[in-house]
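Here the structure is laid out as structure tokens; the discussion comes afterwards.
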Amino acid sequence: MDPVGVAAAPDAGPGPAWQSKCPWGAPNTTSMSCSLADVMSEQLAKELQLEEENAAFPEVVAVAEGPFITGENVDTSSDLMLAQMLQMEFDREYDAQLRREEKKINGDSKVSISFENYRKVHPYDSDSSEDEVDWQDTRHDPYRADKPTTTPRRGFIGKGKDITTKHDEVVCGRKNTARMENFAPEFQVGDGIGMDLKLSNQVFNALKQHAYSEERRSARLHEKKEHSTAEKAVDPKTRLLLYKMVNAGMLETITGCISTGKESVVFHAYGGKSTTEDKVIPPECAIKVFKTTLNEFKNRDKYIKDDYRFKDRFSKLNPRKIIRMWAEKEMHNLTRMQTAGIPCPQVVILKKHVLVMSFIGQDQVPAPKLKDVTLSSEDMKKAYYQILNMMQRLYKECNLVHADLSEYNMLWHDGKVWLIDVSQSVEPTHPHGLEFLFRDCRNVSQFFQKGGVAEALNERELFNAVSGLNITADNEVDFQAEIEALEKMNEDHVQNHGKKLSMFSSDGDPPIYDE
Ligand code: ADP
Ligand code: MN
């Protein structure tokens, strides 16, 4: 490793300067071809996001292009982090070498040995599962060369002036060289074994110390591999992001996993100390990690593809970026809700696909979902009116439709309802916005009607009360047909005039219900 290149990298900044100094050569940035305008808009979006992040938490968002994680923005502001990233990179290269050696040794043999336990980066760390090998003991290697003859108990061999003691430099040196074999196979001792190498005690002891500490490091990793449950859920890049947040002091500790969904994993963490005066980090935080495996997100296309706020960007983004956009959407939507005074988690920071927000609950126990809590009929009624009020404010003041509103995404905490999970929320003028709203209304109506709230409006009444529209159809089929017709009208208008109809926001403000 070239220490000059390494040291120079963070200072050189994101220009081509570091590329020439980068010990691993130029990073593999696979960029998609697009027009200048595309580039501009994406940059703009990135800048805006950065601005927002900087305002939110300036000390942890210093972004510099570094050579350490290919194609990623990495924070190289801290030396420790730099060292860790280097270590990660080194470990990966090292493992590749180990795999090659393992292959060489095993060849076509029916009995194979595995270096699995000596790897630095473990299968759960990496995206590919092809690396996974059954664990086998490698410590009793039948192929190991015979040990050289040792000095007998009495401490010397030979007679007269030919006596050599166990302290003899040559014997000792050879013995030391042979002993190097006892180091774990991960430990590089060169190809000196088999040659007549004589290793001084001093050198041998230093090597031994190093070999042991390496072994311990490896053992620690294995312990983690077996015992960690929370960390299993995230990939190394995410872990690095989380680690950086802890390292920056923003989070005190990440205590564990609250929820593992199809699209996200949510962790609980204790907030750290903010170094900026204006930003108070909540004592307890929820970290929502949007999963970077894409399968589940495919069927969410419809929410974002047609959301004009993200439309231009959607078509040309790679999947990883699309996932980040979900996180970004959740952040923006939560911020809007916060501004409107709707009870919801408060955004702490967004980093790539990881969103940190305030924790709804206490002492690591998340507030129960509305579906899991048994409320008195009085509280039930109170909750209903509160939700009606929130839906209206969400629509009118935030210009949003939740689009996944149900008893699953409402938490009961501090005697009131909190809305969560708004990454899929859209503006009412979204081509399917009104359909989503209708679905939300149906969920809410059904839940409260079943829950015995006599005052609960039916879904159609609720829809009109929230949207301020006056759809008169008295059955669901006709009602939905009217909704779709309205959406179509809006869409046609957009096609012809290039902007949204104003009817959804200004035409006939809906009455705001108060509790
Ligand atoms: P998903 O898309 O997986 O449904 P959610 O945002 O609904 O993601 O989060 C999943 C679960 O995690 C929620 O049902 C809730 O129990 C918990 N959770 C999410 N955010 C918070 C938070 N800010 N405070 C407390 N618990 C939360
Ligand atoms: Mn949810």
Side-chain angles (χ1 to χ4, degrees), residues 56 229-230 233-234 238 242 245 250-271 280-304 322-338 342-351 353-373 383 387 390 394 400-426 436 439-440 443-444 447:
T229 44
V234 299
T238 308
L242 296 180
M245 290 177 184
M250 187 176 57
L251 298 178
E252 180 72 42
T253 39
I254 299 173
T255 61
C257 184
I258 309 169
S259 147
T260 337
K262 280 190 291 184
E263 293 146 354
S264 71
V265 185
V266 180
F267 296 100
H268 170 275
Y270 283 109
V280 180
I281 295 169
E284 291 183 76
C285 296
I287 309 170
K288 187 165 178 178
V289 177
F290 288 77
K291 282 197 181 168
T292 44
T293 47
L294 304 158
N295 305 339
E296 302 300 337
F297 279 94
K298 282 205 187 106
N299 52 26
R300 298 183 83 184
D301 275 10
K302 66 170 184 282
Y303 291 98
I304 209 164
I322 291 173
I323 305 250
R324 283 188 204 170
M325 222 145 87
W326 285 111
E328 201 185 313
K329 271 193 81 171
E330 178 129 33
M331 178 192 73
H332 286 305
N333 293 341
L334 282 175
T335 309
R336 282 194 199 182
M337 290 160 71
Q338 197 76 43
I342 294 172
C344 69
Q346 185 197 337
V347 173
V348 177
I349 197 175
L350 169 76
K351 272 292 229 177
H353 58 290
V354 175
L355 179 67
V356 182
M357 55 190 146
S358 64
F359 179 70
I360 313 300
Q362 215 189 339
D363 299 331
Q364 299 187 42
V365 183
K369 297 179 184 71
L370 222 49
K371 80 165 181 79
D372 292 327
V373 77
I387 290 163
M390 286 197 292
L394 192 65
L400 285 175
V401 167
H402 187 289
D404 193 14
L405 193 65
S406 74
E407 58 275 25
Y408 287 80
N409 283 328
M410 296 190 268
L411 306 181
W412 181 255
H413 178 63
D414 255 0
K416 60 182 172 189
V417 179
W418 298 65
L419 293 189
I420 59 161
D421 203 0
V422 290
S423 63
Q424 73 293 315
S425 301
V426 295
F436 296 151
R439 197 177 56 191
D440 285 355
N443 291 339
V444 170
F447 179 76

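Atoms within a ligand are numbered from 1 in the order they appear, just like the ligands themselves.
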Quiz prompt | Option set Gln364, Met357, His268, Lys288, criterion heavy-atom distance to atom 20 (N) of ligand 1, minimum | solution = Met357
Quiz item: Relative to the heavy atoms of Pro345, which atoms of ligand 1 are at a distance of less than 4.0 Å?
Solution: 23 (N)
When the side chains of residues 356-372 are checked against the rest of the protein, which donor-acceptor pairs come out under 3.5 Å, sequence neighbours left out?
residue, atom, partner, partner atom, Å
Ser358, OG, Gln346, N, 2.8
Gln364, NE2, Tyr270, OH, 3.3

Quiz item: Has the side chain of Lys329 got a donor or acceptor atom that lies under 3.5 Å from a matching backbone atom of Ser425?
Solution: yes
Quiz item: Evaluating non-hydrogen atoms only, which member of Lys369, Glu330, Gln346, Lys291 is closest to atom 14 (O) of ligand 1?
Solution: Lys369
Self-check item: For ligand 1, the portion of Ser423 having any non-hydrogen atom under 4.0 Å away
Solution: neither
Quiz item: Atoms of ligand 1 less than 4.0 Å from Ile420 heavy atoms?
Solution: 7 (O), 13 (C), 14 (O), 15 (C)
Quiz item: Would a 4.5 Å heavy-atom cut-off, applied to side chains only, mark Val422 and Cys344 as touching?
Solution: no
Quiz item: Going by the atom numbers of ligand 1, which of them fall below 4.0 Å from some non-hydrogen atom of Phe359?
Solution: 24 (N), 25 (C)
Quiz item: Of the choices Val422, Asn409, Ile360, which has the non-hydrogen atom that lies closest to atom 24 (N) of ligand 1?
Solution: Ile360
Self-check item: Any donor-acceptor pair under 3.5 Å from Ser406 side chain to Asn443 backbone
Solution: no
Practice problem: Could you pull out the closest heavy-atom pair between Ile323 and Lys291, with the gap in Å? | Solution: CD1-O, 3.1 Å
Exercise. Report the angle formed at the Mn ion (ligand 2) by atom OD1 of Asn409 and atom OD2 of Asp421, rounding to the nearest 10°.
Key: 90°
Exercise. Taking Lys288 for its side chain and Ala327 for its backbone only, find out whether a donor-acceptor pair lies under 3.5 Å.
Key: no
Quiz item: For Asp404, does its backbone N or O pair with a side-chain atom of Arg439 as donor and acceptor, under 3.5 Å?
Solution: no
Quiz item: Residues in side chain to side chain donor-acceptor pair (under 3.5 Å) with Glu407, at least two apart?
Solution: none
Practice problem: Say whether, by atom type as modelled, one donor and one acceptor occur between the side chain of His402 and the main chain of Ile420 under 3.5 angstrom. | Solution: yes
Quiz item: Any nitrogen or oxygen of Gly261, main chain or side chain, under 3.5 Å from a nitrogen or oxygen of ligand 1?
Solution: no
Quiz prompt | contact_flag Cys285 ligand 1 heavy-atom lt 4.0 Å | solution = no
Quiz item: Just which atoms of ligand 1 are under 4.0 Å from any heavy atom in Ser259?
Solution: 10 (C), 11 (C), 12 (O)
Practice problem: Would you please determine whether Ser264 falls within less than 4.0 Å of ligand 1 on a heavy-atom basis? | Solution: yes
Quiz prompt | Those atoms of ligand 1 less than 4.0 Å from some heavy atom in Ala286 | solution = 21 (C), 22 (C), 23 (N), 24 (N)
Exercise. Heavy-atom distances under 4.0 Å are what count here, so tell me which part of Val266 touches ligand 1: side chain, backbone, both or neither.
Key: side chain
